[in-house]
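All heavy atoms count here, side chains included; hydrogens, waters and symmetry mates do not. FYI, the numbering just counts along the sequence from 1.
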Amino acid sequence: MAFVRKVKTASGATAVQIAERRGGRDHVLEHLASAHTDVELTALLQVGWERLHPGQEMLDVEFERGSEAAPATVQATSSRLLVEAVQRAWGELGFTAIFDEAFFQLVLARVVEPTSVRDAGRVLSELGLQARHRNTFIHALKRCQANEYRNHLAKACFEYAATRGDVSLVLYDVTTLYFEAEHEDELRKVGFSKERRVDPQIVVGLLVDRNGFPLEVGCYEGNKAETATIIPIVKQFQARHGLSDMVVVADAGMLSTSNLTALDEAGLRFIVGSRAVKAPGDLASHFRWHGDAFTDGQVIDTITPKRSTAAARAENDTAKRAEPIWDPTKHSGSWRAVWAYSNKRAVRDRRTLTLQENRAKAVIAGEKAFRTPRFVKTTGGDRVLDAASLERAYRLVGLKGYVTNIPVGVMAAGEVIADYHALWQVEASFRMSKTDLRARPIFSHSREAIEAHLTIVFAALAISRYLQQRTGSSIRHIVRTLRPLQHVTINIAGQPVIAEPQIPAEAQQLLDALTH
């Protein structure tokens with residue numbers, strides 16, 4: 001059974017905790033705060049009693065103040081340290097240009113405990129704030145769209161990133177957010193889903209700097225191809241900030257002739273992941289002169305055709321042992337391609353191929369009823385193993401390709417590879433948005449509401465990234481550490497007295513990192 005206990009601290013104060021007796025030892029369930037006077041101690045004991053016995057009155061406790069009895073009552077509690085940390089981030093990022101307290105409260109609630117607009121008041125009240133009325137929050141969402149809050153936020157994020165980092169390289173990726181809705185509308189549509197869902201969804205594109213700090217977010221129809229999202233958002237970002245020179249990094253899903261041509265024509269440089277199926281053509285010279293042997297860490301700098309035409313393929317003469325060095329004027333039908341081999345990747349690729357081969361054989365043997373997997377083809381009405389494709393796949397294990405329009409003299413192959421692998425930062429931001437910030441707009445239905453919701457998530461992501469970069473801790477850890485540290489306002493004969501929380505060393509490290 002849980003109980004309230006008092007513990008003397010090294011500073012001479014008295015810590016009040018809710019604990020539970022297990023195995024002959026006291027296990028602390030919650031640290032309320034530390035009292036430095038009898039008045040504060042009584043108030044904290046009352047808080048603990050109310051936590052364990054809600055609705056029940058504690059026996060009156062009185063303290064002498066001269067000749068008068070002074071009953072102590074708890075007036076309010078607040079997670080002031082956590083709220084101040086978010087407010088500080090809001091100011092440092094330049095979001096104060098948006099004078100809308102209700103909007104700030106919605107962003108704060110999203111960072112602390114993502115929930116619906118209806119339930120945001122509860123979260124804010126638990127933090128010790130006077131939450132705005134639900135109708136005020138709804139009006140704030142409308143103001144968000146009408147006054148283009150996202151544009152103000154994007155401008156502030158860019159200025160912050162530009163003065164504290166490097167925005168010459170930006171990373172792009174997309175994700176889908178689904179809705180549990182029966183019918184499609186102009187925005188929520190059924191489209192490609194990696195989770196193979198058939199629910200209406202939206203496509204969200206996110207542009208971040210090399211540290212994962214958000215710079216631009218876009219919302220598109222659920223049936224819009226991922227490859228068709230990168231050009232609009234990059235051009236919007238470029239026009240908003242008047243940029244003429246930067247490097248755009250994206251994964252192989254963005255690899256299309258039209259995308260790369262559009263980026264190139266816009267005067268932008270790019271680094272995009274290539275597909276394994278392009279390796280035999282790009283590395284034809286290597287396979288002819290060296291076979292399929294590679295050494296760990298080997299890098300081959302060559303070219304890849306922009307389009308699969310005879311003229312473009314002819315630019316890479318396989319009769320020559322040396323790989324061509326990409327020259328945009330000499331190789332007008334090609335892009336630069338960098339291929340790298342890794343023993344570690346080869347082991348992982350072989351393991352995956354083995355699983356896929358075994359699955360294919362099981363389907364062919366009728367042992368498992370899968371939809372047609374990889375390496376299974378139909379011949380004469382029978383399912384058979386596609387041995388040629390399997391052999392070709394095994395030949396390419398360990399290889400990873402990258403396509404770029406940056407000349408060798410400007411960026412070495414190793415830097416191309418390193419910049420591409422920074423993409424994990426945008427993936428991390430998406431994971432944070434989906435898990436910690438719960439970006440899926442469950443309660444939004446109209447386009448206006450969905451766009452406003454994504455603006456709140458965008459602001460919350462920027463604040464979360466700021467706090468993480470300053471402290472080196474995840475936003476979830478920051479919230480869990482600071483939220484329980486509550487300031488308690490105690491009323492003594494009409495006079496408010498504030499009992500400050502005892503700050504553990506771990507929490508103090510976070511606070512020091514945010515204030516220095």
Side-chain angles (χ1 to χ4, degrees), residues 86 89-90 93-124 129 131-158 174-181 184-189 199-208 214-222 224 229 232-233 236-237 240 429-430 432-465:
V86 175
W90 184 271
L93 293 175
F95 291 174
T96 49
I98 299 176
F99 299 101
D100 192 329
E101 179 64 21
F103 180 76
F104 167 76
Q105 288 194 353
L106 287 173
V107 175
L108 171 64
R110 178 65 46 178
V111 172
V112 174
E113 185 185 330
T115 185
S116 65
V117 172
R118 183 186 298 274
D119 199 35
R122 173 191 59 80
V123 177
L124 295 165
L129 298 179
R132 294 295 192 266
H133 191 274
R134 176 173 174 269
N135 291 341
T136 305
F137 285 147
I138 293 175
H139 288 306
L141 294 178
K142 295 179 179 179
R143 290 194 299 272
C144 175
Q145 288 302 102
N147 299 330
E148 299 182 335
Y149 285 1
R150 191 184 301 176
N151 290 343
H152 295 293
L153 295 171
K155 181 180 179 181
C157 285
F158 177 82
V174 297
T175 191
T176 56
L177 301 175
Y178 72 92
F179 296 78
E180 294 176 352
E184 297 178 298
D185 54 35
E186 62 175 9
L187 178 62
R188 302 179 296 170
K189 295 183 179 295
D199 305 290
Q201 63 183 23
I202 60 173
V203 176
V204 177
L206 180 65
L207 206 65
V208 305
L215 299 172
E216 197 88 24
V217 67
C219 177
Y220 307 96
E221 295 79 7
K224 194 176 186 69
T229 64
I233 199 169
Q236 175 178 297
F237 177 74
R240 186 194 303 280
S429 289
F430 266 134
M432 187 190 305
S433 298
K434 284 189 168 183
T435 55
D436 298 326
L437 304 179
R438 299 181 201 170
R440 188 163 72 90
I442 303 174
F443 306 101
S444 303
H445 304 288
S446 67
R447 179 159 199 151
E448 180 185 60
I450 292 171
E451 292 278 11
H453 170 82
L454 288 179
T455 301
I456 290 173
V457 172
F458 179 71
L461 178 59
I463 288 174
S464 299
R465 274 294 191 177

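Proximity of L177 to L454: side-chain heavy atoms (C-beta onward) are separated by under 4.5 Å at one or more points. Inter-residue side-chain proximity for K224 and K189 is flagged as unmet; no heavy-atom pair is nearer than 4.5 Å. With contacts defined as side-chain heavy-atom distances shorter than 4.5 Å, the pair V174/Y220 does not qualify. A heavy-atom distance below 4.5 Å is found between the side chains of L437 and S464.
R118 contributes no side-chain N or O that, together with a main-chain N or O of R134, makes up a donor-acceptor pair within less than 3.5 Å. Checked by atom type and distance alone, the side chain of H453 pairs as donor or acceptor with a backbone atom of A439 at under 3.5 Å. The backbone N or O of P200 lies less than 3.5 Å from no partner atom in the side chain of E184, so there is not a single donor-acceptor pair. Panel note: side chain E216, backbone Q236; no donor-acceptor pair is recorded below 3.5 Å. Without hydrogens or angle criteria, R150 side chain to E451 main chain gives a donor-acceptor distance under 3.5 Å. Side-chain atoms of R438 come within 3.5 Å of backbone N or O of P114 as a donor-acceptor pair. Under the 3.5 Å distance criterion, the side-chain polar atoms of R110 are matched with a main-chain donor or acceptor of T115.
Contact detail for C157 and A462: the closest heavy-atom pair is SG-CB, 3.9 Å. Between A140 and A102, the closest heavy-atom pair is CB-CB, 3.8 Å. Here the closest non-hydrogen pair linking A120 and A109 is CB-CB, 4.2 Å. Across every non-hydrogen atom of R465 and P214, the tightest pair is CG-CD, 4.1 Å. Contact between I463 and W90 at its shortest, heavy atoms only, is CD1-CE3, 3.7 Å. Pairing each heavy atom of A154 with each of L215, the nearest pair is CB-O, 3.8 Å.
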Legend entry - L141/I456 under side chain to side chain contact (heavy atoms under 4.5 Å, CB included): CA gap, chis, key distance, verdict: CA-CA 9 Å; L141 294 178; I456 290 173; 3.5 Å; yes
Inset, instruction - Test side chain to side chain contact (heavy atoms under 4.5 Å, CB included) on N147 and D100 and set out the steps. - result: CA-CA 11 Å; N147 299 330; D100 192 329; over 6 Å; no
Legend entry - Stepwise side chain to side chain contact (heavy atoms under 4.5 Å, CB included) check, S433 with F458: CA-CA 8 Å; S433 298; F458 179 71; over 6 Å; no
Inset, instruction - Give the intermediate values and the outcome of side chain to side chain contact (heavy atoms under 4.5 Å, CB included) for residues L206 and S429. - result: CA-CA 9 Å; L206 180 65; S429 289; 3.9 Å; yes
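Atoms NZ and CZ, from K434 and R440 in turn, are 10.0 Å apart once rounded to the nearest 0.5 Å. Within the model, atoms CG of L129 and CD of E101 stand 7.5 Å from one another, a figure rounded to the nearest 0.5 Å. Here L106 contributes atom CG and I138 contributes atom CD1; the two are 10.0 Å apart, rounded to the nearest 0.5 Å. In this structure, OG1 on T176 lies 9.5 Å from CZ on F430, to the nearest 0.5 angstrom. Put simply, NE2 on H139 and NE2 on H133 are 10.0 Å apart, with the number rounded to the nearest 0.5 Å.
In this structure, R143 fails the cation-pi test against Y149, since its NZ or CZ atom is not both closer than 6.0 Å to the six-membered ring centre and inside 45 degrees of the ring normal.
Within 6.0 Å of CZ in R240 there are more than 12 heavy atoms belonging to other residues, nucleotides or ligands.
Proximity of the aromatic rings of F158 and F237 is defined here by a centroid distance below 6.0 angstrom, and this criterion is met.
Screening I450, L153, V107 for a side-chain contact (heavy atoms from CB on, under 4.5 Å) involving T455 leaves a single residue, L153. When the options D185, I202, L187 are evaluated for a side-chain contact (heavy atoms from CB on, under 4.5 Å) with R447, the one that passes is L187.
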